[in-house]
Enquirer: 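There's a structure below that I have some questions on.
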Amino acid sequence: MAADASSSAVQVLITSYGSNHVQVTGTRKVLDLFDNKKVAYVQVDGASDVDTRNRLWEKSGKRSYPQVFVNGEYVGDHDVLQEMLDMEVFDEKFKEYMVQE
């Protein structure tokens, strides 16, 4: 569930520019996971918001897409989120950002 940047503590750094299959697939998996789990998040497009992208890259120490941040802290990429699911800790980490219907 994509949210307004000012109302979400979960940010997903993506890029709208690029055709790297691994990057596109990883981004789609992260967004689909958050949508399926009803996690409120905001997408930050690194192609159009260069200042924010550079700030987030500095925090993570990585220059790749996608990247997930919670309250400004780097959490990981798709592989890390998959590990969190496999270890059954994903829901605990993101429960306060899951939208209740």
Side-chain angles (χ1 to χ4, degrees):
M1 309 193 85
D4 182 305
S6 63
S7 65
S8 180
V10 178
Q11 294 179 308
V12 182
L13 179 61
I14 62 151
T15 183
S16 59
Y17 181 78
S19 59
N20 177 306
H21 177 70
V22 172
Q23 171 185 309
V24 170
T25 301
T27 298
R28 185 77 262 146
K29 287 180 178 181
V30 168
L31 299 180
D32 286 348
L33 172 61
F34 283 165
D35 288 344
N36 290 335
K37 290 282 196 175
K38 296 182 178 24
V39 174
Y41 65 93
V42 63
Q43 294 180 44
V44 177
D45 184 0
S48 63
D49 189 348
V50 175
D51 290 338
T52 301
R53 176 196 69 197
N54 290 341
R55 191 171 63 252
L56 294 175
W57 277 355
E58 187 175 321
K59 284 185 180 194
S60 71
K62 299 176 184 249
R63 297 173 75 88
S64 59
Y65 300 99
Q67 294 186 26
V68 176
F69 298 82
V70 175
N71 294 321
E73 297 297 319
Y74 178 64
V75 173
D77 58 11
H78 170 260
D79 292 335
V80 171
L81 295 181
Q82 186 60 53
E83 288 175 19
M84 292 173 77
L85 282 170
D86 294 346
M87 295 171 43
E88 299 181 357
V89 297
F90 179 91
D91 288 359
E92 182 65 28
K93 175 72 176 177
F94 291 96
K95 71 180 177 184
E96 76 179 85
Y97 310 106
M98 293 179 179
V99 177
Q100 303 299 317
E101 293 184 37

Enquirer: Which heavy-atom pair separates Ala40 from Val99 by the least distance, and what is that distance?
Expert: CB-CG2, 4.0 Å

Enquirer: Identify whether Tyr17 and Leu31 are in the same connected component of the hydrophobic contact network (ILVMFWY, side-chain heavy atoms under 4.5 Å).
Expert: no

Enquirer: What closest approach, in Å, do Lys37 and Met98 show between heavy atoms, and which atom pair accounts for it?
Expert: O-CG, 3.6 Å

Enquirer: Could you pull out all residues at least two apart from Asp51 that satisfy salt bridge (Lys or Arg N to Asp or Glu O under 4.0 Å)?
Expert: none

Enquirer: Return the minimal non-hydrogen interatomic distance between Thr15 and Asp45, and the atom names on each side.
Expert: CA-OD1, 3.4 Å

Enquirer: For Gln82, enumerate each residue passing the side-chain contact (heavy atoms from CB on, under 4.5 Å) test, keeping only those at least two apart in sequence or located in another chain.
Expert: His78, Leu85, Asp86

Enquirer: Checking one residue: Trp57. Which other hydrophobic residues are in its cluster under the side-chain 4.5 Å linking rule?
Expert: Leu13, Val44, Leu56, Tyr65, Phe69, Tyr74

Enquirer: Measure the spacing between OG1 of Thr25 and NZ of Lys29 and express it to the nearest 0.5 Å.
Expert: 6.5 Å

Enquirer: Excluding sequence neighbours, so at least two apart, what forms salt bridge (Lys or Arg N to Asp or Glu O under 4.0 Å) with Glu92?
Expert: Lys95

Enquirer: State which residues pass salt bridge (Lys or Arg N to Asp or Glu O under 4.0 Å) with Asp49; sequence neighbours excluded, sorted by chain then number.
Expert: none

Enquirer: Return the set of residues passing salt bridge (Lys or Arg N to Asp or Glu O under 4.0 Å) with Arg28 (not counting sequence neighbours), or none when no residue passes.
Expert: Asp32

Enquirer: Identify whether Val24 and Leu33 are in the same connected component of the hydrophobic contact network (ILVMFWY, side-chain heavy atoms under 4.5 Å).
Expert: no

Enquirer: Looking only at heavy atoms, what is the nearest atom pair of Val30 and Pro66, with distance?
Expert: CG2-CG, 3.9 Å

Enquirer: For a side chain to side chain contact (heavy atoms under 4.5 Å, CB included) check, start with the C-alpha distance between Thr27 and Gln43, then their side-chain angles and the critical distance, and finish with the verdict.
Expert: CA-CA 10 Å; Thr27 298; Gln43 294 180 44; over 6 Å; no

Enquirer: Tell me if the aromatic rings of Phe34 and Tyr97 count as close, with their centers under 6.0 Å from one another.
Expert: no

Enquirer: Do Val22 and Leu81 sit in one hydrophobic cluster, given that two such residues count as connected whenever their side-chain heavy atoms are within less than 4.5 Å of each other, even indirectly?
Expert: no

Enquirer: Is there a donor-acceptor pair closer than 3.5 Å between any side-chain N or O of Gln67 and the backbone N or O of Ser60?
Expert: no

